[in-house]
S.K.: 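Structure incoming, see below.
Note on naming: letters A, B, ... go to the chains in the order of the sequence lines (proteins, then strands), and numbering restarts at 1 for each one. As the structure is a prediction and not an experimental result, all values here were calculated from the model.
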Number of protein chains: 2
Amino acid sequence: MGSVQRKTITDVARRASVSPATVSRVLNGDESVGAGYQRRVRRAVEELGYRPNRLAQNLRRQRSAAIGVVVSDIENPHFSEMVRAVEDQAYGRGYRVLVCNTDESPAKQATYLDTLVEERVLGVILSPSDAHDPQISALLDNGTPVVAFDREVDDRRADAVIADNLEGARTAVEVLVRSGHERITFVSGRRDVETGAKRLDGFEFAMRSHGLEARSVDGEFRTDGGHAAVAGLLASPDRPSALIVGNNLMTLGVLRAIREAGLRAPHDIALVAFDDPPWAEFVDPPLTTLAQPVRRMATEAMELLLERVTGARTEPRRTVHPFELRLRASSGSQ
Amino acid sequence: MGSVQRKTITDVARRASVSPATVSRVLNGDESVGAGYQRRVRRAVEELGYRPNRLAQNLRRQRSAAIGVVVSDIENPHFSEMVRAVEDQAYGRGYRVLVCNTDESPAKQATYLDTLVEERVLGVILSPSDAHDPQISALLDNGTPVVAFDREVDDRRADAVIADNLEGARTAVEVLVRSGHERITFVSGRRDVETGAKRLDGFEFAMRSHGLEARSVDGEFRTDGGHAAVAGLLASPDRPSALIVGNNLMTLGVLRAIREAGLRAPHDIALVAFDDPPWAEFVDPPLTTLAQPVRRMATEAMELLLERVTGARTEPRRTVHPFELRLRASSGSQ
DNA sequence: CTGAAAGCGCTTACAG
DNA sequence: CTGAAAGCGCTTACAG
């Protein structure tokens with residue numbers, strides 16, 4: 001049980017009566033090595049159960065075989081789904097995944113990106129809490145590709161995979177307006193963050209195009225923020241007849257506030273929410289949601305990253321993905 | 001913007017007019033270095049903005065500064081909470097976290113553990129899908145500490161942090177029996193997995209001690225498994241009056257089956273569920289749950305791991321954590 | 001207390 | 001096509 005002593009490339013070389021250089025070449029798929037050598041080396045590798053030392057490879061190549069994934073909170077189902085998809089693909093290709101949680105803090109993001117620079121990761125998939133972070137440029141200067149996820153970053157050399165937030169917010173408004181709602185309030189995420197700002201913009205634009213007043217409150221993308229933003233609102237006499245909630249965490253807070261106010265959705269107040277976590281259809285009432293194709297987006301982010309890592313592409317690319325409307329009871333529009 | 005050229009330990013040594021060895025000693029807290037040297041080195045480090053190359057340190061030490069976390073699925077809130085807690089602590093101490101998803105597959109687990117051996121991680125926190133996996137022993141042989149999380153492993157050299165599953169199941173039964181239920185079915189997880197087996201054992205023991213028949217179905221810890229296991233059951237004329245569900249994923253499947261059967265909980269069927277994800281209080285009906293102190297357990301797992309890494313402890317340790325009952329509407333017992 | 005030297009296990013320009 | 005040698009950037013036993 002357990003190899004007593006790790007074999008090195010020199011052990012293999014000795015056994016195959018070749019130089020370590022040749023072993024290295026064979027293992028790295030260098031075509032120029034003669035067929036006979038190839039065979040001898042492969043046999044020796046097999047017989048000794050040799051596995052290259054990752055740590056030595058990393059130092060020599062000045063790259064670790066890891067991909068950094070930076071999100072605000074892996075406990076948010078939106079991001080755990082994303083991390084899961086990235087991880088599945090990464091491991092399949094021999095890369096590891098380093099996970100970092102920023103809690104939407106620019107300072108934490110800077111620290112983590114700095115660490116990833118130091119770690120010489122192959123690439124970074126980043127859902128930025130701070131689009132201006134100079135560490136992003138430091139990574140790119142360093143030759144480390146960056147793919148922005150959900151939100152773009154300032155440095156135009158980065159790739160980006162984002163959802164069509166303007167259109168998503170417009171869709172949410174349409175669903176509610178069609179059901180006769182006019183007093184609709186948007187529970188927005190942080191406005192200094194792109195997803196927050198874009199969804200709010202889309203909401204305001206859509207409301208105005210219907211000649212309606214665009215009211216909004218700020219829930220900061222957090223559960224307690226959603227609760228706090230809505231609690232007062234619901235107590236007021238001219239409370240809105242419908243809410244659009246900017247992400248799944250705030251939705252939990254809003255559901256609590258509605259319950260505490262003794263109201264029932266959609267009867268007293270209709271609801272449309274961004275994100276479609278597994279529990280969306282089981283809460284009371286089942287939620288009408290705008291689902292992002294998270295898995296597809298994550299897969300694409302990995303592909304963009306690998307195109308950069310392998311040098312297959314050099315100009316930045318940006319892809320935009322539509323939301324999918326899932327009509328359920330909470331919007332009162334079924 | 002972006003360091004043009006990384007500084008090395010030799011650059012620092014030259015600037016401080018000392019040897020690289022001295023720089024290394026100062027940076028690694030070697031007390032024996034003279035105060036004057038200390039100061040000179042620290043100044044040079046500061047001035048050059050020197051940061052040690054992690055990759056070189058790893059090779060030299062034959063250890064990477066990473067901790068492997070192996071769970072069945074990071075999309076399960078139980079595990080994302082655990083990973084989050086581990087990650088918070090790890091980064092604070094300068095370690096990285098490598099995440100691996102096994103999907104409850106022994107083959108995947110073996111592959112990932114093998115990778116972690118190769119990666120020379122500092123330690124592994126493992127929620128095992130296969131307690132007998134010889135790779136676990138390979139890690140331990142290798143000097144890599146292993147902390148079993150949720151479920152124990154065969155190799156007694158590993159530490160373990162587990163919940164009191166027997167007692168948890170007993171509590172669930174008590175809640176329902178006290179409300180007058182006698183036909184209670186347990187929706188179990190995989191019986192070849194410790195949490196599955198223990199919770200089932202506890203259920204059967206508690207039921208028998210009340211002179212009741214202990215029926216159970218197998219939902220394999222998965223959402224669709226929970227759905228499939230319960231769908232037929234609910235259609236039968238002598239359907240149970242209450243269900244105990246073995247984890248949060250299966251609970252989503254059970255909620256769907258109940259809805260599809262046109263039943264209402266707790267009126268038609270009462271429910272007690274293991275795990276207390278954020279959505280538990282917002283589903284219809286709010287769930288009575290058995291919550292594990294996941295965060296505390298994860299923190300403890302990290303502490304146990306670090307005690308081993310630093311060599312502060314050599315004998316294995318095992319800690320057991322109680323569940324906490326959260327009474328809500330689904331059990332019909334409020 | 002400090003330094004010179006060896007070495008961790010690879011990869012890759014350079015010769016031949 | 002293949003090998004000898006240098007080197008990635010550290011750390012640490014060994015001398016002094």
Side-chain angles (χ1 to χ4, degrees), chain A residues 3-42 44-45 48-66 94 117-122 142-143, chain B residues 3-42 44-45 48-66 94 117-122 142-143:
Chain A
S3 45
V4 182
Q5 185 63 42
R6 295 293 292 202
K7 303 299 180 187
T8 73
I9 201 169
T10 312
D11 296 325
V12 177
R14 200 159 20 224
R15 177 146 195 140
S17 311
V18 300
S19 72
T22 297
V23 176
S24 174
R25 289 188 187 110
V26 171
L27 261 28
N28 289 297
D30 184 332
E31 302 280 326
S32 70
V33 178
Y37 281 81
Q38 298 256 12
R39 233 171 294 122
R40 258 153 67 198
V41 169
R42 292 195 192 289
V45 165
L48 294 176
Y50 169 72
R51 308 273 298 276
N53 183 320
R54 269 271 161 63
L55 272 26
Q57 287 181 326
N58 290 347
L59 173 58
R60 184 51 234 237
R61 294 175 177 157
Q62 289 297 319
R63 278 288 160 206
S64 76
V117 171
E118 221 186 326
E119 209 82 17
R120 265 92 162 166
V121 293
L122 267 182
N142 203 272
Chain B
S3 46
V4 183
Q5 185 64 39
R6 295 293 290 203
K7 303 298 180 191
T8 72
I9 200 169
T10 311
D11 296 325
V12 177
R14 203 162 14 226
R15 178 148 197 139
S17 310
V18 300
S19 72
T22 298
V23 177
S24 174
R25 289 189 187 107
V26 171
L27 261 28
N28 289 296
D30 185 333
E31 303 280 327
S32 69
V33 178
Y37 282 81
Q38 299 254 11
R39 233 172 295 120
R40 260 155 62 200
V41 167
R42 292 195 193 289
V45 165
L48 295 175
Y50 169 72
R51 307 272 299 278
N53 183 319
R54 270 271 160 63
L55 272 24
Q57 287 181 326
N58 289 347
L59 173 59
R60 184 51 233 233
R61 295 175 176 157
Q62 289 297 320
R63 279 287 160 207
S64 76
V117 170
E118 221 185 327
E119 209 82 17
R120 265 91 161 166
V121 292
L122 267 183
N142 205 269

S.K.: Could you go through nucleotides 13-16 of chain C and list every protein N or O atom that sits under 3.5 Å from one of its N or O atoms, giving the distance for each pair?
M.R.:
unit_1, atom_1, unit_2, atom_2, d
C/dA13, N6, A/R25, NH2, 2.9

S.K.: Could you check whether any side-chain heavy atom of B/L55 comes within less than 4.5 Å of a side-chain heavy atom of A/S64, counting everything from C-beta outward?
M.R.: yes
S.K.: Under 4.0 Å, heavy atoms only, any strand: does B/N28 hit a base, just the sugar-phosphate, or nothing?
M.R.: sugar-phosphate
S.K.: If I take atom CG in residue B/L48 and atom P in nucleotide D/dG9, what distance separates them, rounded to the nearest angstrom?
M.R.: 15 Å
S.K.: Nearest heavy-atom pair of B/L27 and B/Y50: which atoms, and what distance?
M.R.: CD2-CE2, 3.4 Å
S.K.: In whole angstroms, how far is the C1' atom of C/dC1 from the CZ atom of B/R40?
M.R.: 13 Å
S.K.: Over how many whole Å does the gap from A/I9 atom CD1 to D/dA4 atom C1' extend?
M.R.: 14 Å
S.K.: Closest heavy-atom contact between A/N53 and B/Q62?
M.R.: ND2-OE1, 3.4 Å
S.K.: Please report the distance, rounded to the nearest Å, between CG in A/D30 and P in D/dG3.
M.R.: 13 Å
S.K.: Closest nucleotide of DNA chain C for B/A35 versus for A/S24: which of these residues is on the 5' side?
M.R.: B/A35
S.K.: I'd like a list of close polar pairs between nucleotides 6-8 of chain C and the protein, N/O only, cut-off under 3.5 Å.
M.R.:
unit_1, atom_1, unit_2, atom_2, d
C/dG7, N2, B/R60, NH1, 3.1
C/dC8, O3', B/Q62, NE2, 3.2

S.K.: Do A/V12 and A/R15 touch side chain to side chain, with heavy atoms closer than 4.5 Å?
M.R.: no
S.K.: Calculate the interatomic distance between B/L27 atom CG and D/dT11 atom P; express it in whole Å.
M.R.: 7 Å
S.K.: Would you kindly give the CG-to-C1' distance between A/L55 and C/dG9, to the nearest whole Å?
M.R.: 10 Å
S.K.: Side-chain contact, heavy-atom cut-off 4.5 Å: A/V33 with A/T22?
M.R.: yes
S.K.: Specify the closest pair of heavy atoms between A/A16 and A/A44, including all atoms of both residues, with the distance to one decimal.
M.R.: CB-CB, 3.9 Å
S.K.: With a 4.0 Å limit, can you tell me whether A/Q57 has a side-chain N or O closer than that to the phosphate oxygens OP1/OP2 of C/dG9?
M.R.: no
S.K.: Flag the pair B/I9 / B/P52 as yes when at least one side-chain heavy-atom distance between them is below 4.5 Å, and no otherwise.
M.R.: no
S.K.: Which base, if any, makes a Watson-Crick or G-U wobble pair with C/dA15, both distances under 3.5 Å?
M.R.: D/dT2
S.K.: Check whether any side-chain nitrogen or oxygen of A/T22 sits under 4.0 Å from OP1 or OP2 of D/dT2, and answer yes or no.
M.R.: no
S.K.: If I compare all heavy atoms of A/Y37 with all of A/V18, which pair ends up nearest, and what's the gap?
M.R.: CD2-CG1, 3.4 Å
S.K.: A side-chain contact here means heavy atoms from C-beta on lying under 4.5 Å apart; do B/E118 and A/R6 qualify?
M.R.: yes
S.K.: What is the distance from CG of A/N58 to P of D/dC10, rounded to the nearest Å?
M.R.: 15 Å
S.K.: Find the distance A/Q38:CD to D/dT2:C1' and express it as a whole number of Å.
M.R.: 13 Å
